[in-house]
Structure formats: C-alpha cells, structure tokens
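Keep in mind that what you see is a predicted model, and the values were worked out from it rather than measured. Because only heavy atoms are used, hydrogens play no part in the values below, and waters and symmetry mates are left out as well, while side chains stay in.
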Amino acid sequence: MKIQILGAGKMGAFFADILNTEHEVAIFDPNSDRLRFIYNCIRMTQPEDIRVFKPEILLNAATVKYTIDAFNTALPYIPETCIISDIASVKTGLETYYRQSGRPFVSTHPMFGPTFANLGSLSSENAIIITESDHMGKIFFRDLYSRLKLNIFEYTFEEHDETIAYSLSIPFTSTLVFASVMKHQEAPGTTFKKHNEIARGLLSEDDYLLTEILFNPRTPAQLAQIRKELAGLITIIENRDTDAMREFLKSVREKIK
C-alpha cells in the first residue's frame, strides 16, 4: 500500500519507521532538516510531489496546531479515493472538517509518545480508533495497532475528547503545577526525583501539543474538580485534622485500586 505521511516530527518518524518494511512510504515536511534521518522512505519538501506519489492513505502526523493546515496543504494533490487520517490527541474541529471534506477518513489516537513510551515494547500502551471512521480505514489501523500489541479501544469523537480531558489534562496540569513551584534540591528524595523526571519528560514535549491538550473545551471542568479537592486538603492540613486526613487518604486509596 502507498502511504503518505505528513510531518517528520517524533510521531511522523515513528510511523514511517514501522510502516516502511511492508508498505511504500513517502513523508512530506517543508523543513528539510527534519527529513535528514528518515530512511527507506521517499522524502518530500514540496506538496506537489504528493500528486506523483498517488497515496492510498494519507497519515497526518503534523503538530496538533497544524493538523488541519497540513490537510489543506495536501488534499489538492491526493486521489479522491485516498483515505485521509490523523493521530491527533485532541479531535476538536476534526469531525466537522472530515464531514465537509467528503473524503473517506479514519481518526485514531495512539496514546503514547516517544518521550515516555518504550517504543520497542508497547503492550502496556493504548490506542483509540474513532467510531465514525471509514470501515476500511479502521481495519488498516486496527491491524497496525494489533501488530504493535497496543490495547485498542473504540470511542466516538465526543467520547474521545471527554476521555482525553480526564486522562491527560489532569496529570498534565498536576505535573505543571508541581514543576512551577519546584526548587533545586541538593539531596532529593525518591518521590521528588520521580516527579522531577515526569516533569522533565512532559516539558520536553512540543508546546503546541501541551497547549492544545490543555485547551480541550472539557479541561476546565476537570481542573475545577482538582481545585475543589485541593481546597479541601488545604483545610485539613491547616486544621491539622488527623481524622479528616485519614478519611481523605482512605478515599484516595479506594480510587487508585
């Protein structure tokens, strides 16, 4: 199968690497420097080259901020039958875009990144396939993610963004707040070091990615819950209320079972 990838960032390079052994893969990025370490693929810096390649699947791996812009750049040069796809972590606006495009599409979200995941062993990682996607597109990505041993879930566009608001916005926000008040420690404890490692990994991600995940319209409701729980914990600590603290810890342990 002929697969065109848009964007030679971390995830674009990852998909190029895992797909080029069984498919003919081309990767487009206007920044030629990002293509230097892409191997066994056709490398493109001009969108016109996509027309000559005639892809059967277009995989948009551009940064979240530029997902729709990347589609708009490439769509004039692909066949009408080409399935267009994205791996965006926030799907806001994409459902409407796909419907208006009139093209077959498949939207997925591999819920891991090169920063934290062991790309050689992904059996503990997850991927989401959007229910409204084209049948053949879903078959392609389900097969791909199965071969990567990912745990696959199927959600609607709406369910996906609700899940991401909970599963990414909460830990991202908590980590950013921790890092914002962090001070250098000469002799850090184990817990501090673990949190510090998570914070460094998170902050190595693209700013636009972090921004778009946190700007998910459903994030504020999740943050309101954090604010509520934090206010209650502050009150317990200020009052040195041992009984209330034990109840709080009991409740937290129940939630993480």
Side-chain angles (χ1 to χ4, degrees), residues 10 63-65 67 87-95 109-118 122-128 130-131 150-151 153-257:
K10 293 177 181 178
T63 305
V64 172
K65 180 180 180 181
T67 300
I87 54 170
S89 52
V90 177
K91 305 298 186 184
T92 304
L94 281 172
E95 181 177 12
H109 180 191
M111 296 183 67
F112 61 87
T115 300
F116 292 117
N118 176 2
L122 296 171
S123 59
S124 63
E125 305 293 344
N126 303 316
I128 293 173
I130 299 301
T131 305
L150 292 166
N151 302 296
F153 301 87
E154 192 165 317
Y155 293 156
T156 65
F157 278 109
E158 182 74 16
E159 290 168 339
H160 171 273
D161 279 4
E162 287 179 357
T163 299
I164 295 309
Y166 175 78
S167 64
L168 291 185
S169 297
I170 288 178
F172 278 23
T173 302
S174 301
T175 299
L176 290 173
V177 171
F178 162 78
S180 70
V181 298
M182 187 171 60
K183 296 180 181 178
H184 176 70
Q185 299 289 315
E186 293 293 340
T190 301
T191 302
F192 182 92
K193 286 191 288 187
K194 287 182 177 179
H195 278 292
N196 188 31
E197 181 181 348
I198 292 171
R200 289 181 184 278
L202 180 66
L203 290 168
S204 72
E205 295 287 2
D206 183 88
D207 285 359
Y208 293 123
L209 171 63
L210 299 178
T211 300
E212 290 302 316
I213 287 174
L214 292 174
F215 282 4
N216 182 331
R218 297 159 183 80
T219 295
Q222 300 296 336
L223 299 191
Q225 184 64 25
I226 292 178
R227 183 168 54 194
K228 176 184 174 182
E229 293 296 327
L230 182 59
L233 181 58
I234 290 173
T235 299
I236 292 171
I237 293 171
E238 288 177 339
N239 294 336
R240 302 177 66 84
D241 189 335
T242 302
D243 291 338
M245 178 60 80
R246 291 180 65 185
E247 285 300 314
F248 178 79
L249 295 175
K250 179 182 178 182
S251 173
V252 171
R253 288 191 177 102
E254 287 293 324
K255 291 177 180 176
I256 64 172
K257 281 184 177 180

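- Sorted by first and then second residue, the side chain to side chain donor-acceptor pair (under 3.5 Å) pairs involving residues 164-176 (not counting sequence neighbours) are Ser169-Thr219.
- For Asp161 (side chain) and Thr92 (main-chain N/O), a donor-acceptor pair under 3.5 Å exists by modelled atom type.
- Between Met245 and Leu233, the closest side-chain pair of non-hydrogen atoms falls below 4.5 Å.
- Looking at residues two or more places apart in sequence or on another chain, you find a salt bridge (charged side-chain N to carboxylate O under 4.0 Å, His left out) between Lys257 and Glu254.
- Applying side-chain contact (heavy atoms from CB on, under 4.5 Å) to His109 and the options Ile164, Thr163, Asn126, Ile130 leaves one that passes, Ile164.
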Side-chain donor-acceptor distances from residues 225-232 under 3.5 Å, at least two apart:
from   : atom 1 : to     : atom 2 : distance (Å)
Gln225 : NE2    : Glu229 : OE2    : 3.3

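- Residues Ala88 and Thr67 come closest through the heavy atom pair CB-OG1, 4.3 Å.
- Residues Tyr155 and His160 share a closest heavy-atom pair of CB-N, 3.9 Å.
- A search for side chain to side chain contact (heavy atoms under 4.5 Å, CB included) contacts involving Arg246 returns Thr242, not counting sequence neighbours.
- Remark: the backbone N or O of Ser123 is paired with a side-chain donor or acceptor of Asn151 at under 3.5 angstrom.
- The ring pair (Phe, Tyr, Trp, His ring centres under 6.0 Å) check on Phe192 picks up Phe178, with sequence neighbours excluded.
- One finds the CG atom of Leu203 at 6.0 Å from the CG atom of Leu176 (value rounded to the nearest 0.5 Å).
- How far NZ of Lys10 is from OG1 of Thr63: 10.5 Å, rounded to the nearest 0.5 Å.
- Going from atom NZ of Lys65 over to atom OG1 of Thr211 covers 8.5 Å, rounded to the nearest 0.5 Å.
- To the nearest 0.5 Å, atom CG of residue Asp241 and atom OG1 of residue Thr235 are 10.0 Å apart.
- Between Glu158 and Arg218 there is a side-chain heavy-atom pair separated by less than 4.5 Å.
- A search for side chain to side chain contact (heavy atoms under 4.5 Å, CB included) contacts involving Leu210 returns Phe172, Leu202, Glu205, not counting sequence neighbours.
- Here the CG-CD distance, from Asn216 to Gln222, works out to 9.0 Å after rounding to the nearest 0.5 Å.
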